[in-house]
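Right, one structure below, let's go through it.
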Amino acid sequence: MTTTLVERLAEPDARDPLALASELDLRIQAFVNGEFADAVSGETFPCVSPSSGQTIAEIASCDQADVDRAVGHAREAFESGVWSRMAPRARKKVLLRFAELVSEHTDELALLETLDMGKPIRDAQRVDIPLSAECIAYYGEAIDKVYDEVAPTPESSVVLILREPLGVVGAVVPWNFPTLMATWKLGPALAAGNSVILKPAEQSPLTAIRLGELGAEAGLPPGVLQVLPGFGETAGQALGRHPDVDMIAFTGSTEVGKYFLRYSGESNMKRLALECGGKSPFVVFPDCDDLDAAATAAAWGVFYNQGEVCNAASRLLVHAEVKDELLEKIVAVSKRIRPGDPLDPKTRMGAIVDETQLDRVLGYIEAGKKEGATLHTGGSRTLEETGGYFVEPTIFDTVSNDMKIAREEIFGPVLSAITFTEEEEAIRIANDTVYGLAAGIWTSDVNRAHRAARAIRAGVVWVNTFDAGDITSPFGGFKQSGFGRDKSIHALEKFTDRKAVWIQLR
Ligand code: NAD
């Protein structure tokens, strides 16, 4: 009988990252035109395990020359119509097979994800990979069910309003949910008929490369899905500035999102969809009738995935009347979210992705202390003896919204608690941010729930829950959290353009 990944990893001896990496026969090259290829330059970069600091592989480091090569193949595939003009029903079949292959390789992909970016194996296996397969399947299923339009013009004409794929799409994604963020782009972009070049973050290339291979196995023709691992300043910038790339679908920081606006403006005015950072408010009104549920949601809302979540509930806005009780409950929940070996199936919080991010998070914790916030819980690096990058769940109290820890995206397990007394004050603080990705509201008053949900400027507002998600529900930001929506049928819109065909009747 074969053992499952979780059963195997339950043995501590089976959890050595280096040994696992060698067992897995890692794909370390770019995936170009249906084949593995070294970077044109022959350069590589190290792929480091966040839980041990050890280098587990050397990965092809793609740059401008690789982007030129891949864009050429992508364009050729697109113009040939081999995918772009394939019957939607046939495209559906390939995408459903692709989704099935991702599902069948859940164990392997989950392991790659955890080795690469440090999230708990339990999450990779139960959340990231299943949701990624579901996403590809959703768009595969959808594509032969969406219709074009006929305009209501006078009877002397028939005007078809067609949606056409854009052409070559660059998908540039971050390291926090490497497979999921990739499939949020690939699913709808491929379903619509585009050729896609995926550039994973340099911190997390392993699953992306494997996705390219699985896509080809499912029947995606050469050039339709290519994967270029490499750095942002090289491969990412080259895609952003390429005159023959029609669109960039980006998820990452607001800072880099702004670079893509510049690249586009300075090159071919390529279309952009930008899913950027956040500083989401989690607002607890005094009429919240379930503080236990609110505390559980707040703790997981900010500590899930080591806090490396774009919509993390990083600002807790809590009414003065319930603050002490709520904080106590959040601390109690946090005690169950201790950092540990990401490869241990029992671990609920893994390692921070790399040393740079570790230093960033610790720097913010220092800034919080210096600015006068009260360190309530945590605040330190931990498990240093492993060589990995672990930070304790950290809670600051008496934060004011003008402090750095309330204004900037930390992208680590740090919660800033801010107290309010009036509803208007809570809304004002919630909106006093450059971001607008998500928000949570806790109240038992339906009028207040509607009022606050309308008043908060964010792409997603959760009421009496947090981070609830479904592939049918759009996700994306207002303000400097970007524009364009991932997930749901609406995501297809950004990977197509409208064409009006006017037919004059005689
Ligand atoms: P990042 O912006 O540093 O990198 C994202 C991607 O852009 C990577 O592939 C990177 O290589 C590339 N890149 C970096 N510099 C570049 C440059 N100069 N030119 C072109 N490409 C460049 O982000 P990150 O650190 O990988 O991820 C964390 C960020 O992602 C956070 O800000 C987080 O909020 C955001 N994020 C947003 C969402 C969302 O849906 N809104 C989801 C997940 C993560």
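Order of appearance sets the numbers: ligands from 1, and atoms from 1 within every ligand.
Other residues, nucleotides and ligands contribute at most 12 non-hydrogen atoms within 6.0 Å of the NZ atom of Lys404.
Aromatic ring orientation, Phe177 versus Tyr304: parallel (interplanar angle below 30°, classes split at 30° and 60°).
The aromatic ring centres of Phe282 and Trp462 sit 6.0 Å or more apart.
For the residue pair His242/Asp68, the side-chain donor-acceptor check at 3.5 Å is satisfied. For the residue pair Glu113 and Thr207, a side-chain donor N or O sits within less than 3.5 Å of a side-chain acceptor on the partner.
Pocket lining of ligand 1, defined as residues with a non-hydrogen atom under 4.0 Å away: Val172, Val173, Pro174, Trp175, Asn176, Met181, Lys199, Pro200, Ala201, Glu202, Gly232, Glu233, Gly236, Gln237, Phe250, Thr251, Gly252, Ser253, Val256, Tyr259, Phe260, Tyr263, Glu275, Cys276, Gly277, Cys310, Glu409, Phe411, Leu437, Phe475.
Applying the ring-ring contact (aromatic ring centres under 6.0 Å, His included) rule to Trp300 yields no partners; only residues at least two apart in sequence or on another chain are considered.
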